[in-house]
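The structure appears below as C-alpha cells.
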Amino acid sequence: MISDRQDIIRRELETGTGAAIGMAVDQTGTRTGLRLWFADLDDRHGPVAELRPYGIRGYRVALGFGKFAGEVVRQIQSAGAEDVGLARALVASISPTIDLDLFGQGRDDWRVDSGAFKITATARGLPENLDEAVTTVCRDAIVPLMAAMAELIGYDVIDEDDDEAQACEGAILVSTIRRRERNPRNRLLCIRLHGEKCACCGMEPRSVYGEAGGIIEVHHLEALSLLAAPRPYDPAIDLAPLCPNCHRAVHTRRPIPLSLSELRALMSPLMDMAAV
Ligand SMILES: [Zn+2]
Ligand SMILES: [Zn+2]
C-alpha cells in the first residue's frame with residue numbers, strides 16, 4: 001500500500017528538497033491518494049502535491065497552493081534569478097515521457113503568478129506493482145516539482161563556512177561556490193542530469209557501498225566564470241558529480257579548484273583505468 005512507502009518517499013523528498021515534509025494518505029476519493037507538503041507551512045499555507053491513480057497503471061501529480069498561501073506566493077515572486085533558474089531546470093529535468101501541464105505557461109519560462117498556479121504531471125505505463133509505481137512517480141515527478149518550490153521559497157542551505165574559507169584570498173568566490181555545492185536542490189538536479197558516477201575517476205559510490213553509497217557530491221565546474229563573469233551561471237551545465245575523494249582533491253587548490261582534467265593528469269595510471 002501507499003502508506004507502507006511513506007518512509008521511502010519522505011526520505012527522498014527531504015533529501016532532494018532540503019525541507020521537512022508532511023504527508024497524509026487521502027481516502028476521500030474512490031482510489032487512495034497521497035498529499036504532501038512542507039511541514040513548516042502545513043497544507044494550507046504553502047504548496048501541496050496531490051498524487052492520485054490515473055487510468056490503468058498511471059498516476060497524476062497535481063501541484064498547487066493551499067488556501068492561505070498568499071504570503072508564500074509573494075515570497076516566491078521575489079525569488080532571485082539564480083533560484084528561478086534552478087527551479088525551472090528542475091522542472092525541465094522531468095522525463096519527457098511524463099506529460100506536464102503548466103496551464104498555458106511554458107516549460108522553460110513558467111512563473112508562480114498567483115495562488116492559483118498549478119502544474120500537473122501525468123505518468124502512464126507505470127510498473128504493475130503499486131508500491132513500485134508510487135515510488136517511481138515520486139522520484140520522477142514529485143521530488144523535482146517540490147524541490148523547485150523549495151528553491152523558490154528559499155529553504156536555507158546550511159552553510160558551514162569555515163574560518164579558512166573566510167580568510168583566504170577570493171573568500172566571496174569560495175563562499176558562492178560552497179553555497180551552490182551544498183544546496184540540496186543543486187545536488188538533486190546534478191544527479192538527475194548526470195547520474196551518480198564520479199566524473200573524474202568513474203567510481204559509483206552506490207555500487208561500492210550499497211545502501212551507504214548516497215555520498216556523491218556536487219562540484220561547481222566554472223569557478224573561473226565567477227571571476228570574469230563571461231556568462232551567467234547555469235546549474236544544468238556548471239555542476240558535475242564527484243566522489244568525496246576526487247572532490248576533496250580538486251579543492252586542494254584555492255580559490256580556483258583544479259579542473260577535472262588537471263586532477264586526472266595527477267592521478268596514478270591505475271586509478272585512471274576507471275576513468276570515464
Ligand atoms: Zn572520483
Ligand atoms: Zn567542488
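Whatever order the structure lists them in is the order used to number ligands and atoms, beginning at 1.
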Any salt bridge (charged side-chain N to carboxylate O under 4.0 Å, His left out) pairs touching residues 35-50, not counting sequence neighbours?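 Output for this query lists Arg35-Asp43, Arg35-Glu50, Asp42-Arg44.
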Is any side-chain N of the basic residue among Arg180 and Glu82 closer than 4.0 Å to the acidic one's carboxylate O?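 Salt bridge: yes.
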Distance-minimising heavy-atom pair for Gly18 and Arg185: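 Taking Gly18 first and Arg185 second, the nearest heavy atoms are CA-NH1, 4.4 Å.
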The Zn ion (ligand 2) - closest N/O/S atom in His219: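 Of all N, O or S atoms belonging to His219, ND1 is the one nearest the Zn ion (ligand 2).
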Can you confirm whether the side chains of [X] and [Y] place a donor and an acceptor under 3.5 Å from each other?
{"X": "Glu181", "Y": "His220", "value": "no"}
{"X": "Glu151", "Y": "Asn183", "value": "yes"}
{"X": "Thr15", "Y": "Glu12", "value": "no"}

Verify the distance test for Glu181 against the Zn ion (ligand 2): any N/O/S atom under 2.8 Å, yes or no. yes
Distance criterion under 2.8 Å: protein N/O/S atoms around the Zn ion (ligand 1): 4
Below 6.0 angstrom between ring centroids: does that apply to Phe103 and Phe117?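 Centroid separation for Phe103 and Phe117: 6.0 Å or greater.
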